[in-house]
Amino acid sequence: MSASTIISHNPLLQGNGLPPFAEIKPERVVPAFNQLLAELDQHLATLEANVQPTWSDLVEPLEKLTERLTWSWGVVNHLMGVKNSPELREAHEIVQPLVVQFINKLGQSQPIYNAFKALRSSDSWSTLELAQQRIVEAAIRDAELSGVGLQGEARDRFNAIQMELAELSTKFSNHVLDATKAFSLTLTTKAEIDGLPPSLVSLAAQVARAAGEEKATPENGPWRITLDFPSFGPFMQHSTRRDLREKLYKAHITRASSGDLDNNPLIVRILELRQELADLLGFKSFAQLSLASKMAPNVEAVEALLEELRQASYDAAVKDLKELQAFAASYGEESQDLKHWDISFWAERQREAKFAFTAEELRPYFPLPQVLDGLFGLVKRLFGVTVTPADGQAPVWHEDVRYFQIADETGSPIAYFYLDPYSRPAEKRGGAWMDVCINRAKITENGASSVRLPVTYLICNQTPPVDGKPSLMTFYEVETLFHEFGHGLQHMLTKVDYVGAAGINNVEWDAVELPSQFMENWCYERPTLFGMAKHYETGEALPEHYYQKLLAARNYMSGTAMLRQIHFSSIDLELHYRYRSGSDETPADVRHRIAKTTTILPPLPEDSMLCAFGHIFEGGYAAGYYSYKWAEVLSADAFAAFEEAGLEDEEAVKATGGRYRDTVLALGGSKHPMEVFKTFRGREPSTIALLRHNGLVSAAAN
C-alpha cells in the first residue's frame with residue numbers, strides 16, 4: 001500500500017456524515033490535518049480570487065469550506081472530552097496552532113469581508129430571507145471581531161494572541177483533568193465509611209477495583225473516594241467523618257493550584273492576553289468585546305440584573321445559613337463553628353429532617369432507562385416528536401454510548417443523537433454538555449435537493465451502573481439530563497435550512513441556555529415525574545408523599561443556590577471588565593473581594609476555585625457566565641406560559657408546546673433571540689417568574 005493510499009483512507013478526512021469512531025486513532029490526527037489544511041488553503045485562495053457578492057458565490061462555497069474543517073476538528077475536540085489520552089493530547093497540541101492559524105486567516109480575509117459588505121449593500125439584499133440576512137450580518141460582525149480591520153504588526157500580534165490563548169485553554173483543561181485524577185482517598189475501615197449510602201460504597205469499591213485493588217468489595221473494601229463528582233458530592237453530603245470531609249473539601253478547592261499543574265500563572269496570562277485582544281479591537285475591556293456578540297446590550301445591563309438577583313437572594317441566603325447553624329447546634333455541633341466542609345453534610349441532614357426524605361432514597365425510582373422513557377414521553381406530549389433507540393446504526397467511541405432517532409408526527413426521521421451518560425474520570429472531563437455532530441442543512445447535489453438531518457452529542461457524568469444494577473440517578477442527575485436534552489432539542493428541531501443559523505448556530509450566547517433550563521422545570525411536573533419515577537426492581541410508582549416532599553424541597557436553600565451563581569457570574573465579569581494584570585490585586589484577590597457581597601461564608605484563604613473554573617478559562621463562558629441567569633429569566637418566563645395556559649389542560653399544553661417548538665426551537669439563530677421570545681410570549685421577558693419559581697418573590701417585594 002503506497003503512502004498516498006494510506007492518507008486517502010484517513011477517517012478524519014471523511015468530512016461529513018457520522019464519524020467512524022472505531023477507526024479514528026490518535027496517530028492519524030497529524031497526517032489528516034496536514035493534508036486537510038493544505039487543501040483548505042488552496043480552496044480559500046481560489047475562493048478569494050473568484051468571490052462574487054452573491055449568496056451562491058460567497059456564502060455557499062464558504063460554508064462548504066468551513067464545514068470540512070469543523071467536521072474534522074469537531075471530532076478531535078469531541079474525543080479530547082470523552083476519550084482523552086496522552087497520545088491524543090500530543091496530536092492535539094501539534095495540530096491546534098495550525099487550525100487556529102487557518103481560522104484567523106479565514107476570519108481576516110479582506111476579499112471575503114468586502115464581498116459580505118458588498119452583498120449587504122447590493123440590490124439582491126432585499127431578496128434574501130431573514131435567516132440569510134442574519135447570517136451575513138453575523139459574518140461581517142465576526143470578521144470585525146476576528147481582526148479583519150487590523151494591519152501589519154497589530155494583525156500579527158492579534159494572531160499570536162489567539163494562538164497562545166488556544167494553547168492555554170487546552171493546558172488549563174488538561175491540568176484540571178489531571179489534578180482531579182491525581183487525588184484519591186483510600187478508605188480501609190468501616191469507621192471511615194460511616195454514614196455513606198450503599199450506592200456510594202458500591203461505587204467506591206468499583207473505583208478501587210479499577211485502580212488495581214482486585215479484591216475490593218462493597219462489604220469489606222477497600223473503598224476509593226475521588227474528586228469526580230459522583231464520588232465527591234455524595235461523600236460531602238453523607239460522611240460522618242468531619243476530618244475526611246475536610247481533607248476532601250480542601251483537595252477539591254485547591255485542584256490545579258500548585259506544582260506542575262498550577263493554573264494560577266495560566267489565569268493571569270489568559271486575562272492579560274484577553275485584555276490585549278480587546279485593546280487591539282478598540283474595546284476598553286474584554287467584557288465589552290464579549291458582549292458585542294451577545295443579547296445583553298452592555299455590561300451595565302448585566303450588572304443591573306445580577307444586582308437585582310443578588311438583592312433578592314442575599315437575605316434568603318443569610319437566613320439559610322442561620323437556620324443551618326441552629327439545626328447543627330441542636331445535634332451538639334458548635335453552630336458558630338460550621339465550616340465549609342460541614343455545609344453539604346448538615347444541609348443534607350436538615351433536608352432529611354425538614355422534608356423527611358433523603359436524596360439517596362429516591363435513586364431506586366430513577367433508573368436511567370425509565371428516566372429516558374419519561375423524558376421521551378414528555379417531548380412527545382409537548383412537541384409531537386417520537387424518540388426511538390437506533391443503537392447499532394452509528395459507530396460509537398465507548399460501549400456505553402447509545403444512539404437514538406427522533407421522528408416527526410408522520411414518523412419520518414428528523415434528527416439523531418448520541419448519549420454518553422456515565423462518568424469515566426480517567427478519560428472523560430467532568431460536567432455535562434451538548435455538542436454538535438452534524439448541522440441541519442439543505443443540500444443540493446446534481447440538481448436534487450435534500451435536507452441533511454442534524455445529529456447531536458449529549459454528554460453526562462452520572463453514576464455508572466454498579467454491581468449489576470442499572471444507573472440509579474439522583475434527582476440532580478435527572479435534572480442535568482433534561483437540561484442537556486433541552487440544548488439538543490434546539491439543535492435537532494430546528495427548521496432552518498442554512499447551516500449558519502440552524503439549531504444553536506448564531507444564537508446569542510446568553511440566550512443559548514433558554515431551552516436547556518426550560519426543560520428542567522418539567523422534572524417537577526406531575527405527569528412527567530410519574531411517567532419516569534418507578535422503582536427499578538418492583539416497578540412501583542414513586543409514592544405520592546415523596547412527590548409532595550420533592551416539591552416542598554424544591555426551593556430548599558434556593559437563596560444560597562442563586563447567590564452562588566451570582567458569585568461566579570460577578571467574579572467572571574469583574575475579571576474581564578475592571579481587573580487589569582499588573583495591578584495590586586491578583587485574580588484570587590478579586591475573587592475574595594467579590595465574595596464579601598456574594599457569599600455568606602467567605603471562602604477559605606487557600607480556596608483556589610478559579611484554578612478549576614473551566615467555564616471561563618477553557619470553555620466559551622468568558623465574560624459570559626452571567627448567561628445562565630440571563631437565560632434563566634427567559635426560560636422561567638417561557639415555562640410560565642405553560643403554567644398560565646394550565647398544566648392540567650392537555651390541549652393547552654399541546655398548543656403552547658407547538659408554539660414553543662415553532663419559535664424557540666425551530667427558529668434557531670435566524671432571528672434575534674428577543675424577537676423569537678416575543679413571538680412566543682407576546683411580550684418582553686420579566687424576572688417575576690424566575691423569582692417566583694425560586695421562592696424569592698417576597699424577598700424581592702420588600
Side-chain angles (χ1 to χ4, degrees), residues 1-40 64-103 166-167 169-170 173-174 177-178 181 390-404 415-429 433-439 452-461 488 491 499 618:
M1 206 184 238
S2 72
S4 63
T5 24
I6 295 175
I7 283 192
S8 66
H9 286 299
N10 192 318
L12 280 165
L13 292 173
Q14 184 177 299
N16 55 34
L18 297 169
F21 289 108
E23 299 161 39
I24 296 173
K25 303 280 182 278
E27 60 272 17
R28 303 187 115 168
V29 173
V30 176
F33 277 86
N34 285 340
Q35 183 182 337
L36 176 66
L37 292 167
E39 286 175 19
L40 294 180
K64 277 204 174 80
L65 188 157
T66 49
E67 282 227 283
R68 282 191 62 197
L69 177 62
T70 50
W71 189 91
S72 304
W73 189 228
V75 173
V76 173
N77 281 315
H78 172 66
L79 290 172
M80 282 286 284
V82 295
K83 209 173 174 48
N84 200 295
S85 69
E87 297 75 22
L88 183 61
R89 278 185 192 189
E90 201 177 321
H92 182 271
E93 208 168 299
I94 294 170
V95 168
Q96 187 177 37
L98 308 172
V99 173
V100 173
Q101 214 163 354
F102 181 76
I103 291 171
E167 200 180 299
S169 83
T170 304
S173 175
N174 288 339
L177 189 74
D178 293 346
K181 204 161 65 179
D391 299 298
Q393 293 180 32
V396 294
W397 54 92
H398 187 277
E399 71 254 13
D400 291 339
V401 175
R402 304 274 321 267
Y403 191 62
F404 294 89
Y416 295 86
F417 65 93
Y418 292 94
L419 174 67
D420 183 351
Y422 315 126
S423 122
R424 294 191 297 279
E427 60 173 20
K428 183 176 172 184
R429 66 183 169 90
W433 65 93
M434 166 269 175
D435 214 346
V436 172
C437 176
I438 297 175
N439 284 298
R452 180 180 67 191
L453 301 182
V455 182
T456 184
Y457 300 119
L458 300 176
I459 317 292
C460 295
N461 260 298
H491 177 67
V499 171
E618 58 178 272

Item to check | Taking every non-hydrogen atom, the tightest pair across L458 and G488 | outcome: CD2-CA, 4.1 Å
Checklist outcome for this item: Residues at least two apart in sequence or cross-chain that pass ring-ring contact (aromatic ring centres under 6.0 Å, His included) with F417, listed by chain then number, are F404, F485
Checklist entry - What closest approach, in Å, do P19 and C437 show between heavy atoms, and which atom pair accounts for it? => result CD-SG, 3.8 Å
Checklist entry - What distance do I459 atom CD1 and S423 atom OG have between them, rounded to the nearest 0.5 Å? => result 13.0 Å
Checklist entry - Counting only heavy atoms not in Q393, do more than 12 fall under 6.0 Å of its CD? => result yes
Checklist entry - Which atoms form the tightest heavy-atom contact between K181 and P425, and what is the distance? => result CD-O, 3.9 Å
Item to check | Pair F21 + H78: ring centers closer than 6.0 Å | outcome: yes
Next on the checklist: Pair L98, N34 - check side-chain contact (heavy atoms from CB on, under 4.5 Å), show working.
Outcome noted: CA-CA 9 Å; L98 308 172; N34 285 340; 3.9 Å; yes
Checklist entry - What distance do L419 atom CG and C460 atom SG have between them, rounded to the nearest 0.5 Å? => result 6.0 Å
Checklist entry - Taking only residues two or more places apart in sequence or in another chain, which ones pass side chain to side chain donor-acceptor pair (under 3.5 Å) with S169? => result none
Next on the checklist: Tell me every residue that passes ring-ring contact (aromatic ring centres under 6.0 Å, His included) with W73, counting only those two or more places apart in sequence or in another chain.
Outcome noted: F33, H92
Next on the checklist: For N439, is there any backbone N or O sitting under 3.5 Å from a side-chain donor or acceptor partner on H491?
Outcome noted: no
Checklist entry - Can you tell if the side chain of I24 reaches within under 4.5 Å of the side chain of V29, non-hydrogen atoms only? => result no
Item to check | Any P26 side-chain heavy atom under 4.5 Å of E90 side chain | outcome: no
Checklist outcome for this item: Residues passing the salt bridge (charged side-chain N to carboxylate O under 4.0 Å, His left out) test with E23, sequence neighbours excluded, are none
Next on the checklist: Treating N84 as the side-chain partner and R89 as the backbone partner, does any N or O pair qualify as donor plus acceptor under 3.5 Å?
Outcome noted: no
Checklist entry - Measuring from L18:CG to I438:CD1, what's the distance to the nearest 0.5 Å? => result 4.5 Å
Next on the checklist: Could you go through W433 and V82, starting from their C-alpha distance and side-chain angles, then the distance that decides it, and tell me whether this counts as side-chain contact (heavy atoms from CB on, under 4.5 Å)?
Outcome noted: CA-CA 11 Å; W433 65 93; V82 295; 4.0 Å; yes
Checklist entry - About how many Å separate CZ of R68 and CG of L13, when rounded to the nearest 0.5 Å? => result 7.0 Å
Checklist entry - How many angstroms lie between CG in L40 and CD1 in I103, if you round to the nearest 0.5 Å? => result 10.5 Å
Checklist entry - Which heavy atom in P395 sits nearest to a heavy atom in P20, and how many Å separate them? => result CG-CA, 3.9 Å
Checklist entry - Given V99 and Q96, is the side-chain contact (heavy atoms from CB on, under 4.5 Å) satisfied, shown in steps? => result CA-CA 5 Å; V99 173; Q96 187 177 37; 5.7 Å; no
Item to check | side-chain contact (heavy atoms from CB on, under 4.5 Å) between M80 and N174, intermediate numbers included | outcome: CA-CA 10 Å; M80 282 286 284; N174 288 339; 4.3 Å; yes
Next on the checklist: For the NZ atom on K25, are there more than 12 heavy atoms of other groups (residues, nucleotides or ligands in this structure) within a distance under 6.0 Å?
Outcome noted: yes
Checklist entry - Under 6.0 Å from the CD atom of E39, do we count more than 12 heavy atoms belonging to anything else shown? => result yes
Checklist entry - For residues 390-403, which residue pairs qualify under salt bridge (charged side-chain N to carboxylate O under 4.0 Å, His left out), counting only residues two or more places apart or in two chains? => result D391-R402
Checklist entry - What is the distance from atom OG1 of T456 to atom OH of Y418, rounded to the nearest 0.5 Å? => result 10.5 Å
Next on the checklist: Under the rule for side chain to side chain donor-acceptor pair (under 3.5 Å), what residues qualify as partners of D420, not counting sequence neighbours?
Outcome noted: W397, R424, K428
